[in-house]
Engineer: 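What follows is a single structure, and I will ask about it in a moment.
Read the numbers this way: they start at 1 and go in the same order the structure lists the ligands and their atoms. Counting begins at 1 with the first residue of the sequence.
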Amino acid sequence: MLDRVLKELEKLLPGKVLTKEDALLAYSFDASSLRGRPWAVLLPDTKEEVLEVLKLANRYKCPIITRGSGTSTTGSSVPLGGGIVLSLTRLNRILDFNEEERVVHCEPGVITGDLKRFVEKYNLFYPPDPSSYAFSTIGGNIATGAGGPRGLKYGTTKDYVLALEVGLPGGRLIRTGPKTLKKSSHYNLTPLFIGSEGTLGVILSAWLRLIPLPEKRVLFLVRSKDEAKLLGFINQVLRMGITPSSAEFIDQTSLLALKLSNHPLVRTEDKALLLLEVDGKACCVEKEAQAIEKALGEFGVSFEFSSDASEMESLWEVRRSLSPSLRILGSKKLSDDLTIPRRYNVEFLSYLRSHEEGSGIHITAFGHVGDGNFHVNIYFEEGDEEKARNIRESLIKKVLELSGTVSGEHGIGFTKKVYFAMELSEEELNLMRSLKALFDPSGILNPGVKIP
Ligand SMILES: Cc1cc2nc3c(=O)[nH]c(=O)nc-3n(C[C@H](O)[C@H](O)[C@H](O)COP(=O)(O)OP(=O)(O)OC[C@H]3O[C@@H](n4cnc5c(N)ncnc54)[C@H](O)[C@@H]3O)c2cc1C
């Protein structure tokens, strides 16, 4: 059957069907540790070609694994059980842009950083900023519901998608709702596709909302000898009526890795760092920055701050260099982006530390703690797998007890399905399965991803 499918695909997409071993290898992994060799890789150039592929795949019940840049951390773009990878990187055009309306219409393969730079030329701002924005795609960001440091003030990808064009199995094309800024006519299908991880349809274009580019930014780098105390400072700033654009936390275990790699910004006495940024109209930002400076003085922590673009970049570098530095903590890793209501940040952190102490295992808790989103990485060595898995399960149970969720921005993919099942009631799970069956009755889209 596969031979026939490949022959028909070659007719549909001449020269755009990859079957050589090196190409298959290149599409067999993402940023998770999972691997799966695809049967073939398709590189369509247009949405019409994608719709033809969806028609054919449905006819042969052939699994289709949609892929953007393949930076998923959960295996969601890996053909774990085989199947054909549908790469959308060539659908990378900006289709329309209206400066007054502040809306851009683009294809899914547009790189997020390119879109940001394009609208900035018009003094407009597309805020979602996953750390991978230099190489991840808009389609991938929508399909995973991607977020980033600026989520605290500006929200995440979900807050900027007005409507989507989606290709469904069988080659049907739908628009998920009107592209207008206001709408109350339709059942709003747009949110259903945000975070759907390629399981419901293939996003073929997106209308995205833009906002004015902030005039000014001020970044504080705060150092503390007590990590819980630093978490408390974020709440204090929020109580002052200030919403920082970012509140990025670097916890004591992550700092240990930076110290071991001799990071020039990190001092021996630091137990935690907070990167706190405010932005907006120049006059307001100055007032907010003054208020934060005063509060930090009273709080009794040391800090530095800057509004100079290149100085801010070098302060942010400490956060960006974190992920590669962490490898020093252990040769194996279990990775989660656990999210809780912000009020429980301190309680969760102390619970996490109680599992780390004396265990011989390192547990990080860095990230976007302004929105309660902790990047919890458990680092361990060969032989400690069971201990690490037990710790992971216990932390996830705690998150659920605190009414949190197993993923704030990376999605479920394959790696978190077991834990996602703990979050869902039987009815909620059945409803998810029914929705999947409604859009993809033959189950050809990303089989095995997301749904426990
Ligand atoms: C160094 C690094 C830093 C990261 N930082 C962040 C971060 O700060 N915040 C964050 O949220 N994530 C982060 N990620 C995770 C990842 O970058 C995001 O999940 C991103 O949104 C994936 O985009 P992608 O184009 O690589 O999609 P892929 O990895 O190719 O695909 C991801 C999922 O989306 C589906 N998909 C892709 N395109 C489409 C489409 N057009 N239609 C339907 N489904 C589609 C795929 O099937 C898959 O399920 C990071 C990853 C790395 C490697």
Engineer: Ignoring hydrogens and angles, state whether a donor on the side chain of Ser136 or Asn141 is under 3.5 Å from an acceptor on the partner side chain.
Structural biologist: yes
Engineer: How long is the gap from CG on Leu275 to CD1 on Ile250, to the nearest 0.5 Å?
Structural biologist: 5.5 Å
Engineer: Regarding Glu10 and Lys16, does a basic nitrogen lie under 4.0 Å from an acidic carboxylate oxygen?
Structural biologist: no
Engineer: Looking at Phe348, is Lys398 sitting on its ring face, NZ or CZ under 6.0 Å from the six-membered ring centre and within 45 degrees of the normal?
Structural biologist: no
Engineer: So does Lys436 have more than 12 non-hydrogen atoms from other groups sitting under 6.0 Å from NZ?
Structural biologist: yes
Engineer: Could you check ligand 1 for N or O atoms lying under 3.5 Å from protein N or O atoms and list the pairs with distances?
Structural biologist:
| unit_1 | atom_1 | unit_2 | atom_2 | d |
| --- | --- | --- | --- | --- |
| ligand 1 | 8 (O) | Ser131 | N | 2.8 |
| ligand 1 | 8 (O) | Ser131 | OG | 3.2 |
| ligand 1 | 9 (N) | Gly147 | O | 2.8 |
| ligand 1 | 9 (N) | Glu409 | OE2 | 3.2 |
| ligand 1 | 11 (O) | Gly147 | N | 3.1 |
| ligand 1 | 11 (O) | Gly147 | O | 3.4 |
| ligand 1 | 11 (O) | Glu409 | O | 3.4 |
| ligand 1 | 17 (O) | Thr71 | OG1 | 2.6 |
| ligand 1 | 17 (O) | Ser132 | OG | 2.6 |
| ligand 1 | 19 (O) | Thr144 | OG1 | 3.4 |
| ligand 1 | 21 (O) | Gly140 | O | 3.3 |
| ligand 1 | 21 (O) | Asn141 | N | 3.4 |
| ligand 1 | 21 (O) | Asn141 | ND2 | 2.9 |
| ligand 1 | 21 (O) | Thr144 | OG1 | 2.9 |
| ligand 1 | 25 (O) | Ser69 | N | 3.0 |
| ligand 1 | 25 (O) | Thr137 | N | 2.9 |
| ligand 1 | 25 (O) | Thr137 | OG1 | 2.6 |
| ligand 1 | 26 (O) | Ser69 | N | 3.4 |
| ligand 1 | 26 (O) | Gly70 | N | 3.2 |
| ligand 1 | 26 (O) | Thr71 | N | 2.8 |
| ligand 1 | 26 (O) | Thr71 | OG1 | 2.6 |
| ligand 1 | 29 (O) | Thr71 | N | 3.0 |
| ligand 1 | 29 (O) | Ser72 | N | 2.8 |
| ligand 1 | 29 (O) | Ser77 | OG | 3.2 |
| ligand 1 | 30 (O) | Gly68 | N | 2.7 |
| ligand 1 | 30 (O) | Ser69 | N | 3.4 |
| ligand 1 | 30 (O) | Gly70 | N | 2.8 |
| ligand 1 | 41 (N) | Ile203 | O | 3.1 |
| ligand 1 | 42 (N) | Ile203 | N | 2.8 |
| ligand 1 | 47 (O) | Thr66 | O | 2.5 |
| ligand 1 | 47 (O) | Asn446 | ND2 | 2.9 |
| ligand 1 | 49 (O) | Ser76 | O | 3.1 |
| ligand 1 | 49 (O) | Ser76 | OG | 3.2 |
| ligand 1 | 49 (O) | Glu197 | O | 3.1 |
| ligand 1 | 49 (O) | Asn446 | ND2 | 3.4 |

Engineer: With a sphere of 6.0 Å drawn around NZ of Lys11, does it hold more than 12 non-hydrogen atoms of other residues, nucleotides or ligands?
Structural biologist: no
